[in-house]
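The chains referred to below are lettered A, B, ... by the order of the sequence lines, with proteins before strands, and numbering in each begins at 1.
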Amino acid sequence: MDHYQAEDFAADESFLAYYLKSDPEAVAFWEHWIRTHPEKLDEVVAAESLLDLLTGRLPALEFEQEKDRLQAYIDETPTVQLPQRKPWLIAASILLVVSLGVGFWYVNRETRTKTPPTEWVHYSNPNGKKTKLTLSDGSTVILNAASTIHYPKAFVSNTREIRLEGEAYFSIHHDAQKPFLVRTGGLTTRVLGTEFNVSAYPQKSEISVALLKGKVQLEDTLHQQLQLLPGQQAVYQLARQQLRQTSFDSLAVSGWKDDYLVFRNADFKTIAEAMERTYGYQLILQHPTQPWQYTGTFHREDVRQVLETICFSKHLTYSIHQRTIYLRAEQ
Amino acid sequence: MADTTEHTYWNQLRKGNRAAFLSLYESYYQALYTFGCRVSTDRELVKDAIHELFCELWDRRFHLPEVTQIKSYLFTYLKRKLLKEQSFSFDSLQVTTPQPSERSYEEVLMDQQTDEGNRLRMQQLLTKLTPGQREMIRLRFYEQLSYESIAEQLQVQPRTVYNQISEALKTLRKHVQVLMSLLLFFLVR
């Protein structure tokens, strides 16, 4: 098959079965073959375009868009809208921190014995999807793509504790009696009522907490503490267990919740991760060039508009094959 | 044989299973789309009708009937939807609703092209093939018959069918570049 041209692929029985997805064996075979023969990608893509033309089927990319449209429809009503409780409005600005860090589920033993078992809600977003959740105390959480949150159906203990993997933007209702704790691997954020963004994607080497309003206090497993004021950000290096304070650019940090995609001197890996989360496409750079320092802001643009802009500035061309985007140097 | 899996999905959908619903969508989408394009000339309308069809299935998931012929159930559903759209526009013109005739392969392929220039290019492209090649291409890629069945139907050797189709594809490939660049897989600049 190494000598195959587009027309040979298209004429091949098993390739057609792969294209039509009518035979799982053929699908597995060709998916593997295509991955291991990147030099044939142009011919494969041409063969698939020929087949798109002749079978009268909807081209793959358009089909994916239609599928997204349907998924958006069925996901329109999230299953976790819980009744709002009246917020307590107690003014207080001093925040305390108690942190546990490693033990995610480590709830105060006293409270645990006194209260009935808490019912937990687990909510996950796939790539390309954001969800706004309302918690039982009226606090809202905007959960970013590729992220999971665990929270109790009702906050019955002395603290309001939730666990996060990935990224979320919190608007927490003030309640001095019941501090709100966000647990992410190795770092706990403790607040009474405030607005902040937590980014703790498992594939990243750091956790960051950016504060927009109010006050938060952070503590890691070594009991290092840091208090943030609005406009400040804490970055926690997981490997070195180092907690440091920086300033931040609010559009770059929390613009995602308003559908902004922002790159500031971003390397290829950062861009690829963001594109996968936002659009569900995997990016592969076929011939890595010099290190990237890409800066750009996008607002509600589709994946192709974003790609075209990036490719233009980096002198690259791209081709899309199913859910993978291949980038290579312009000829 | 594939039927049993799809029946399982159908019954799981009736219990509200989202994953089963999406599997049904993936299994039947393309068949519904090509079928829809035989009935209607407007591919965007076909896409919308299929979208609506699945939205309605999802909304009524707990009230769906047990269905033995899922494919024909969905096809009938879609056809009714498309005809309703068409008769609606016909009615407003005070024209008696004609029974829409099935569209030919060539017409369907041309309708896939969204702009007029491409429709013409597609038409010209098809004239590059011999009538025999066109028929074989239709049977192979549109009806999705195997080389053997095509050979049987046309009373020729399977090898002949393969060679003819291979030739036809080569010809198309050569002339298709213009169209291709306007299709969905493309290179920037």
> Testing the 3.5 Å rule here: is there a donor-acceptor pair between the side chains of A:Ser319 and A:Arg328?
yes

> Between B:Ser166, B:Cys37, B:Cys55, B:Ala31, who has the most heavy-atom pairs with chain A when the cutoff is under 4.5 Å?
B:Cys55

> Would you say A:Tyr4 and A:Asp12 are linked by a side-chain donor-acceptor pair, where the criterion is simply a distance under 3.5 Å?
yes

> Between chain A and each of B:Val108, B:Leu22, B:Leu126, count heavy-atom pairs under 4.5 Å; write down the option with the most.
B:Leu22

> Can you see whether A:Asp52 engages A:Ser49 through a side-chain donor-acceptor pair at a distance of less than 3.5 angstrom?
no

> With a 4.5 angstrom heavy-atom cut-off, is it the side chain or the backbone of B:Arg138 that approaches chain A, or both, or neither?
neither

> State whether a side-chain donor-acceptor pair under 3.5 Å links A:Tyr73 with B:Asp59.
yes

> Do B:Gln157 and B:Tyr147 meet the criterion of a side-chain donor-acceptor pair at a distance under 3.5 Å?
no

> Which one, B:Val46, B:Ile50, B:Leu109, B:Ile165, leads in non-hydrogen pairs under 4.5 Å with chain A?
B:Leu109

> Can you say whether B:Tyr33 sits under 4.5 Å from chain A via the side chain, the backbone, both, or neither, judging by heavy atoms?
side chain

> By a 4.5 Å heavy-atom criterion (distance strictly below it), what part of B:Asp48 contacts chain A: side chain, backbone, both, or neither?
both

> Does the pair B:Arg43 and A:Glu62 meet the rule for a side chain to side chain contact (heavy atoms under 4.5 Å, CB included), with working shown?
CA-CA 12 Å; B:Arg43 68 197 290 277; A:Glu62 264 185 275; 3.0 Å; yes

> Name the region of A:Leu58, side chain, backbone, both or neither, that has any atom closer than 4.5 Å to a heavy atom of chain B.
both

> Of all of B:Lys170, B:His51, B:Lys47, which one pairs up most often with chain A through heavy atoms under 4.5 Å apart?
B:His51

> Under the side chain to side chain contact (heavy atoms under 4.5 Å, CB included) rule, what do A:Arg277 and A:Glu273 come out as? Steps first, then yes or no, please.
CA-CA 6 Å; A:Arg277 270 200 306 277; A:Glu273 282 168 3; 4.1 Å; yes

> Which atoms of A:Lys67 are under 4.5 Å from chain B, going by heavy atoms: the side chain, the backbone, both sets, or neither?
both

> Select one option (side chain, backbone, both, neither) describing which atoms of B:Gln144 are under 4.5 Å from chain A's heavy atoms.
side chain

